[in-house]
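For reference, positions follow the sequence shown, starting with 1.
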Amino acid sequence: MTTAAFNTSANSLPSAASKTAFPAIANEAGWRCHGNLWSNLREVCELLRIPTPAASADEEVLFQHVRFKAGQRIHTIGQDFDTLYIVNSGFLKTVLLDEYGNEQVLSFPMKGDLLGIDGIHNQHHASEAVALSDCDIILLPYKTFSALGRIYAELEQAMFSVMSRELVREQIMIGMLSALSAEAKVARFLTTLGERFSQLGYSGKTFNLRMTRHEIGSYLGLTLETVSRTLSAFNEMGLISVDQRQIALNDVTALKTLRRLPPAKARIKVSEKVSALVGKNLLPQWGKEVAVALN
């Protein structure tokens with residue numbers, strides 16, 4: 001059974017009485033993902049950070065959760081479009097694949113993000129979404145969304161706002177890739193990720209990178225070596241602390257304003273200062289040479 005099984009007509013929205021009708025879904029690769037949780041319209045709107053329609057009977061419309069394991073695909077390139085996906089928990093990547101199977105990472109969706117809008121144009125997905133960790137995804141059948149939009153005009157407008165939000169985020173990313181140095185791209189990626197974690201109620205300064213260095217490089221248009229070298233340099237300078245996949249942002253302001261890395265000689269001096277301050281919980285005071293490079 002594919003996600004098409006979740007489509008409903010305008011006169012037949014999913015309700016509490018029909019919850020047992022769809023115990024599982026399967027994608028084209030053949031694996032199955034079981035879902036046994038449901039959210040009402042109010043809960044979905046809260047997750048997307050949009051207002052719930054004032055006149056809605058939200059208990060009458062339910063949306064199924066489906067759990068995906070790390071590495072599983074939520075949708076694939078060319079797959080028939082019939083469903084939008086909302087991330088309830090977990091981390092994903094969306095990618096394009098060339099004819100040789102090489103990946104170009106487009107985004108790293110997390111809680112509250114909407115997936116699948118690329119399929120609206122020609123009714124087939126132009127990208128694929130892959131779970132980077134175990135994920136809980138809420139299914140929003142497009143026919144159900146369309147039916148609700150005809151009933152609640154404000155809901156349709158709010159959903160279009162969510163879609164626009166995703167497009168604006170991509171445009172900002174494209175602008176960043178064209179304007180910043182390699183080091184500044186990595187720095188901006190870390191601070192932006194920290195801000196998103198903070199918005200979700202988590203620590204914005206200490207977090208785990210669910211994506212690999214290679215995936216970060218693909219997203220930023222950099223090589224794996226450049227990403228690894230830049231993270232190591234930031235660590236040496238005390239801008240961040242790295243413990244395998246855990247990143248601690250020690251100086252967010254410096255990362256946000258960084259344009260390029262200072263010369264290696266200057267970085268060594270900064271590293272020596274950081275070592276001297278270990279245990280004092282103090283950040284290094286940048287010398288003139290380093291300050292110029294950071295600004």
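Leu224 is not connected to Leu231 by any chain of hydrophobic side-chain contacts under 4.5 Å among Ile, Leu, Val, Met, Phe, Trp and Tyr, and they are in different clusters. Hydrophobic clustering of Ile, Leu, Val, Met, Phe, Trp and Tyr side chains at less than 4.5 Å, counting indirect connections, unites Met163 with Leu140. Ile138 and Val130 are members of different hydrophobic clusters when ILVMFWY side chains are connected at heavy-atom separations under 4.5 Å. With hydrophobic clusters built from ILVMFWY side chains whose heavy atoms lie under 4.5 angstrom apart, Ile151 shares a cluster with Val162. Under a hydrophobic-cluster definition in which Ile, Leu, Val, Met, Phe, Trp and Tyr are linked whenever side-chain heavy atoms come within less than 4.5 Å, directly or via other members, Ile86 and Leu106 are assigned to different clusters.
Between Leu115 and Glu166 the shortest side-chain heavy-atom distance does not fall below 4.5 Å. Leu148 places a side-chain heavy atom less than 4.5 Å from the side chain of Val61. The shortest side-chain heavy-atom distance between Leu239 and Asn250 does not fall under the 4.5 Å cut-off. Leu41 has its side chain within reach of Leu155: a pair of non-hydrogen atoms, C-beta onward, lies under 4.5 Å apart. Contact check for Leu84 versus Leu114: side-chain heavy atoms found under the 4.5 Å cut-off. Here the side chains of Met159 and Leu48 are in contact, with some heavy-atom distance below 4.5 Å. Side chains of Glu183 and Arg188 form no contact here, defined as non-hydrogen atoms less than 4.5 Å apart. Side-chain contact between Ile137 and Tyr85: present, with at least one pair of heavy atoms (C-beta onward) separated by less than 4.5 Å.
Residues meeting the side-chain hydrogen bond (donor to acceptor under 3.5 Å, both in side chains) test with Thr191, sequence neighbours left out: none.
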Report the C-alpha separation of Arg196 and Arg169 in whole Å, then their side-chain angles, then the decisive distance to 0.1 Å, and conclude whether the side chain to side chain contact (heavy atoms under 4.5 Å, CB included) test is met. CA-CA 12 Å; Arg196 296 202 64 197; Arg169 185 179 296 161; 3.2 Å; yes
Evaluate the criterion salt bridge (charged side-chain N to carboxylate O under 4.0 Å, His left out) for residue pair Asp136 and Lys111; output intermediate values, then yes/no. CA-CA 9 Å; Asp136 181 64; Lys111 184 175 181 178; over 6 Å; no
Test Ser39 against His65 for side chain to side chain contact (heavy atoms under 4.5 Å, CB included), laying out the working first. CA-CA 7 Å; Ser39 288; His65 293 234; 2.6 Å; yes
Tell me which donor-acceptor pairs under 3.5 Å the side chains of residues 207-221 have, and how far apart each pair is, sequence neighbours excluded?
from: Thr212; atom 1: OG1; to: His214; atom 2: N; distance (Å): 3.4
from: Thr212; atom 1: OG1; to: Glu215; atom 2: N; distance (Å): 3.0
from: Thr212; atom 1: OG1; to: Glu215; atom 2: OE1; distance (Å): 3.4
from: Arg213; atom 1: NH2; to: Gln244; atom 2: O; distance (Å): 3.4
from: Glu215; atom 1: OE1; to: Thr212; atom 2: N; distance (Å): 2.8
from: Glu215; atom 1: OE2; to: Lys93; atom 2: NZ; distance (Å): 2.8
from: Ser218; atom 1: OG; to: Glu103; atom 2: O; distance (Å): 3.4
from: Ser218; atom 1: OG; to: Val105; atom 2: N; distance (Å): 2.9

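Partner of Phe63 under the side-chain contact (heavy atoms from CB on, under 4.5 Å) criterion, chosen from Asn88, Thr144, Leu139, Asn40: Thr144. Checked options Asp118, Thr94, Thr76; the residue passing with Ser127 is Asp118 (criterion: side chain to side chain donor-acceptor pair (under 3.5 Å)). Checking each of Phe197, Phe108, Phe68 against Phe91 for a ring-ring contact (aromatic ring centres under 6.0 Å, His included) leaves exactly one that passes, namely Phe197.
When all heavy atoms of Ala184 and Leu180 are compared, the closest pair comes out as CB-CB, 3.9 Å. Taking all atoms of both residues into account, the shortest heavy-atom contact from Ser133 to Gly90 is OG-CA, 3.6 Å. A pairwise comparison of heavy atoms in Ala131 and Lys69 identifies CB-O, 3.5 Å as the closest pair. Of all non-hydrogen atoms in Leu261 and Ala233, the two that sit nearest each other are CD1-CB, 3.7 Å. Shortest non-hydrogen contact noted between Leu92 and Cys135 is CG-SG, 3.8 Å. A pairwise comparison of heavy atoms in Pro51 and Ala158 identifies CD-CB, 4.5 Å as the closest pair.
Electrostatic pairing of Lys205 and Asp251 does not count as a salt bridge here, judged by no charged N lying under 4.0 Å from a carboxylate O. The pair Arg73-Glu128 meets the salt-bridge criterion, since a charged nitrogen lies less than 4.0 angstrom from a carboxylate oxygen. Using a 4.0 Å cut-off between charged side-chain N and carboxylate O, Glu195 and Lys256 make a salt bridge.
Under a 3.5 Å cut-off, the side chain of Asp113 and the backbone N or O of Val87 do not form any donor-acceptor pair. A donor-acceptor pair under 3.5 Å is absent between the side-chain atoms of Thr192 and the main chain of Phe189, judged by distance alone. Looking at Thr226, its side chain never comes within 3.5 Å of a backbone N or O of Leu222 through a donor-acceptor pair. Not one N or O on the side chain of Gln246 forms a donor-acceptor pair closer than 3.5 Å with the backbone of Asp243. Without hydrogens or angle criteria, Ser232 side chain to Ser228 main chain gives a donor-acceptor distance under 3.5 Å. Between the side chain of Asn235 and the main chain of Val242, a donor-acceptor pair closer than 3.5 Å is present. No donor-acceptor pair closer than 3.5 Å links the side chain of Ser198 to the backbone N or O of Gly194.
Taking the ring centroids of Tyr152 and Phe145, they lie at or beyond the 6.0 Å cut-off. Aromatic pair Phe81/His124: centroids not less than 6.0 angstrom apart.
Atom CD of Glu225 and atom OG1 of Thr230 lie 11.0 Å apart (nearest 0.5 Å). Atom CG in Asp134 sits 10.0 Å away from atom CZ in Arg67 (nearest 0.5 Å). Distance check, rounded to the nearest 0.5 Å: CG of Asp82 to NE2 of His75 gives 11.0 Å. Put simply, OG on Ser241 and CG on Leu249 are 9.0 Å apart, with the number rounded to the nearest 0.5 Å. From Arg42, atom CZ reaches atom CG of Leu47 across 12.0 Å, with rounding to the nearest 0.5 Å.
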